[in-house]
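Everything quoted here is computed from the prediction, not taken from an experiment.
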Amino acid sequence: MTAIDPSLPPEPSLDTKIFLPTFILVIAIGVLLVLMPAPAERLLGSALRVVTGNFGWLYLLAGVACVAALVWLACSRYGRVVLGAPGEPPEFSTPSWLAMMFTAGIGIGVTNWAFVEPIYYYHLPPFGIETGTAQAAEWAHLYGQFHWSVIPWAMYALAGLPIAYSLHVRRQPFCRLSTASAGVLSGKNGERIGIVIDIIVVLAVIGGVSTSLGLGLPLVSALVARCFALQDTFGLQLGVLAIWTAVFTTSVYLGLEKGIRVLADLNAVLAIGFLLFVLVVGPTLFILNISTNSLGLMLDNLLRMSFWTDPVTKGGFPEDWTVFYWGWWIAYAPMVGLFVGRISKGRTIREMIIGPVVWGSLGCMAFFACAGGYSLHLELNGTLDIFTRLNEAGIPAAVVAVVGSLPGGTLTLFVFTVLCIVFLATTLDSTAYVLSGISTKNLGGDKQPPRWNRFAWAFALAVITVGLIGAGGLRTVQTSTVVAALPLFPVLVILFLSLLKWLRKDFGETLRPANYALRHLPDGATEVREV
């Protein structure tokens, strides 16, 4: 028998206090939705109306507050702090780091909405603009880029920074939001609050990912049916889910370096190639012109859109779109924050802010600029009546029609189908990795959760999806993400305050214009080192 060196840190192992209640709760929710879908949908629908009607202003203020907090932090002396040991290089190359970040944070949603969201805005425009006008078209092309850019990625970065600091600077043996809140929460009461935070996070992660499944699974099923001349049935959806499960389970099992990173890199290449294809073979000049125009509108009206509640007319646009999206991003923020925090070892705080907020935003804006511009061109010229298809057949059928109108026919549809499959797989493997990390103890920043734990959560995601498809409860879970986001507001505040408290304690007033890292000494003490 090999002796265990007591000087080495313990190996990652299952934390039953977190794993058992959260795993059982997730499965139980899926079963309840299958058995009682109608009552659950009515209950959550009522809760959604209460939340959006009474707390919409809070969602909007929270989005702006996240951006303001990150701008201050990036410009402060703490922006130079390295999330790792002195001299420690980044764990992943910058292209791979950005690819994993983007695919975890956005997933298949952008491929689904980029083609159809501008069409909704064109026919149901904001600010009382007349439907179907040139002004409506300009705002339609812009608003999707607003909903998917700076504020969502700021929410992700704000959640990820305390996680990264906890793992790579403080070297905490847990990849959890409760651990990243330890700068504020302490003692027995803090531990109890931390357990509640972790349970809320698991539910928010499941809710957010279920939203992606609700958007992505019908789309890919419709694409497969069109490519191979099949009927879009429940059996076909299960077959698509089986392929997804095989892809993302293999990726999760192989881990960060050999699985998730490789899949994310492939995803990035496919996405960039597809966007360039749309730009080149589509109405290139129209896309470039309207994208430039949208950039000007964004710069002119960013604050107006960020704070608009429509308090007098009450047309419903902010609640139906902006508040819904902000709730979705907040619900997704814990998952993306945990994942991005884990993969950001060796980056500075400033890099970890610029990476998501700048590059993540540009990636989403490029999708909406090209795909949205192409759809608007079809709608404006009467080439394809997308809005009618949306109303009569739903989003998947409309997206299939738009992509099918591109040159290349079935081949283009097939490539887009592969892109969608890989997009969602990269989101799901990141999710399974995060859920397994939450339920693992002795998990340092350079370690990974046990493989069987990762596989268990991948299996759980597949099982709950099957139940939701059979019960027709996906829309119910989409609605729940906005409701679930409400208790996450104080969690994000606690995380940010915890980070600030740690930074002041660890670095104090010693920082000068250079990069810094915290060095751990053999006697347990720490010292600040310039790197």
Review point. Does Ile129 reach the side chain of Thr133, with side-chain heavy atoms less than 4.5 Å apart?
Key: yes
Check your understanding: Step by step, would you call Trp329 with Phe324 a side-chain contact (heavy atoms from CB on, under 4.5 Å)?
Key -> CA-CA 9 Å; Trp329 305 137; Phe324 175 81; over 6 Å; no
Practice item. Rounded to the nearest 0.5 Å, what's the gap from CD1 on Ile287 to SG on Cys370? Could you check? Key: 5.5 Å
Practice item. From the options Tyr120, Tyr59, Tyr143, select the one residue that forms a ring pair (Phe, Tyr, Trp, His ring centres under 6.0 Å) with Trp321. Key: Tyr120
Exercise for review: Evaluate the side-chain proximity of Arg80 to Thr348: yes if any heavy-atom separation is below 4.5 Å, no if none is.
Suggested key: no
Study note, to complete from the structure: For residues 350-363, the salt bridge (charged side-chain N to carboxylate O under 4.0 Å, His left out) pairs (sequence neighbours left out) are Arg347-Glu351
Exercise for review: Provide the closest heavy-atom pair for Ser178 versus Asp198 in the form atom of the first, atom of the second, distance.
Suggested key: OG-OD2, 2.6 Å
Review point. Between Arg389 and Glu379, does a salt bridge (charged side-chain N to carboxylate O under 4.0 Å, His left out) hold up when you go through it step by step?
Key: CA-CA 11 Å; Arg389 288 178 182 266; Glu379 187 80 5; over 6 Å; no
Exercise for review: Give a yes or no on this: more than 12 heavy atoms of other residues, nucleotides or ligands lie within 6.0 Å of atom CH2 of Trp308.
Suggested key: yes
Exercise for review: Go through the steps for Trp57 and Val323 under the test side-chain contact (heavy atoms from CB on, under 4.5 Å), then give the verdict.
Suggested key: CA-CA 8 Å; Trp57 58 272; Val323 173; over 6 Å; no
Review point. Side-chain contact, heavy-atom cut-off 4.5 Å: His377 with Tyr374?
Key: no
Exercise for review: Tell me, with the steps shown, if Ser294 and Glu138 meet side-chain contact (heavy atoms from CB on, under 4.5 Å).
Suggested key: CA-CA 7 Å; Ser294 292; Glu138 292 180 5; over 6 Å; no
Review point. At their closest point, which heavy atom of Ala137 faces which heavy atom of Leu376, and how far apart are they?
Key: O-CD1, 3.7 Å
Exercise for review: Would you kindly say whether Glu117 and Tyr122 are connected by a side-chain donor-acceptor distance under 3.5 Å?
Suggested key: no
Check your understanding: If every non-hydrogen atom of Leu219 is compared with every non-hydrogen atom of Cys420, which pair is closest and at what distance?
Key -> CD2-SG, 4.1 Å
Revision key, fill the gap. CE (Met100) and CD1 (Ile343) are apart, to the nearest 0.5 Å, by 4.0 Å
Point to revise | Phe507 and Val81, any side-chain heavy atoms less than 4.5 Å apart | key: yes
Check your understanding: Checking Ser166 side chain against Pro162 main chain: does a donor-acceptor pair fall under 3.5 Å?
Key -> no
Revision key, fill the gap. What one should report as the nearest heavy-atom pair of Val400 and Leu223 is CG2-CD2, 3.7 Å
Review point. Can you find a pair of side-chain heavy atoms, one from Phe416 and one from Thr111, that are under 4.5 Å apart?
Key: yes
Review point. In terms of side-chain heavy atoms, does Ser344 have a donor or acceptor partner in His168 at a distance below 3.5 Å?
Key: no
Point to revise | Pair Ser96-Ser93, side-chain donor/acceptor within less than 3.5 Å | key: yes
**Study point:** Partners meeting ring-ring contact (aromatic ring centres under 6.0 Å, His included) with Phe387 (sequence neighbours left out)
**Key:** His123
Practice item. Could you walk me through whether Tyr165 and Leu161 pass the side-chain contact (heavy atoms from CB on, under 4.5 Å) test, one step at a time? Key: CA-CA 6 Å; Tyr165 195 91; Leu161 280 168; over 6 Å; no
**Study point:** Pairwise salt bridge (charged side-chain N to carboxylate O under 4.0 Å, His left out) hits with a residue in residues 121-137, at least two apart
**Key:** none
Check your understanding: Do the non-hydrogen side-chain atoms of Thr179 and Leu167 ever get within less than 4.5 Å of each other?
Key -> no
Practice item. Evaluate the side-chain proximity of Phe115 to Ile395: yes if any heavy-atom separation is below 4.5 Å, no if none is. Key: no
Review point. How about Trp139 and Phe127: are their ring centroids closer than 6.0 Å?
Key: yes
Review point. Heavy atoms, side chains only, cut-off 4.5 Å: are Phe102 and Pro356 in contact?
Key: no
Revision key, fill the gap. Looking only at heavy atoms, the pair that brings Val169 and Val82 closest together is CG2-O, 3.6 Å
**Study point:** Interatomic spacing from CD1 in Ile193 to OG in Ser181 - rounded to 0.5 Å
**Key:** 9.5 Å
Study note, to complete from the structure: Interatomic distance, OH@Tyr78 vs CG@Leu499, rounded to 0.5 Å, equals 9.5 Å
Exercise for review: Quick one: pull up CG in Leu70 and CD1 in Ile349 and give me the separation to the nearest 0.5 Å.
Suggested key: 10.5 Å
Review point. With distance as the sole test, does Asn301 use its side chain to make a donor-acceptor pair with the main-chain N or O of Leu297 at under 3.5 Å?
Key: yes
Practice item. Run the ring-centre check on Phe489 versus Phe55 and record whether the distance is less than 6.0 Å. Key: no
Exercise for review: Please confirm whether the backbone N or O of Gly360 pairs with a side-chain atom of Trp153, one donor and one acceptor, at under 3.5 Å?
Suggested key: yes
Study note, to complete from the structure: d(Ile163 CD1, Leu158 CG) to nearest 0.5 Å is 11.0 Å
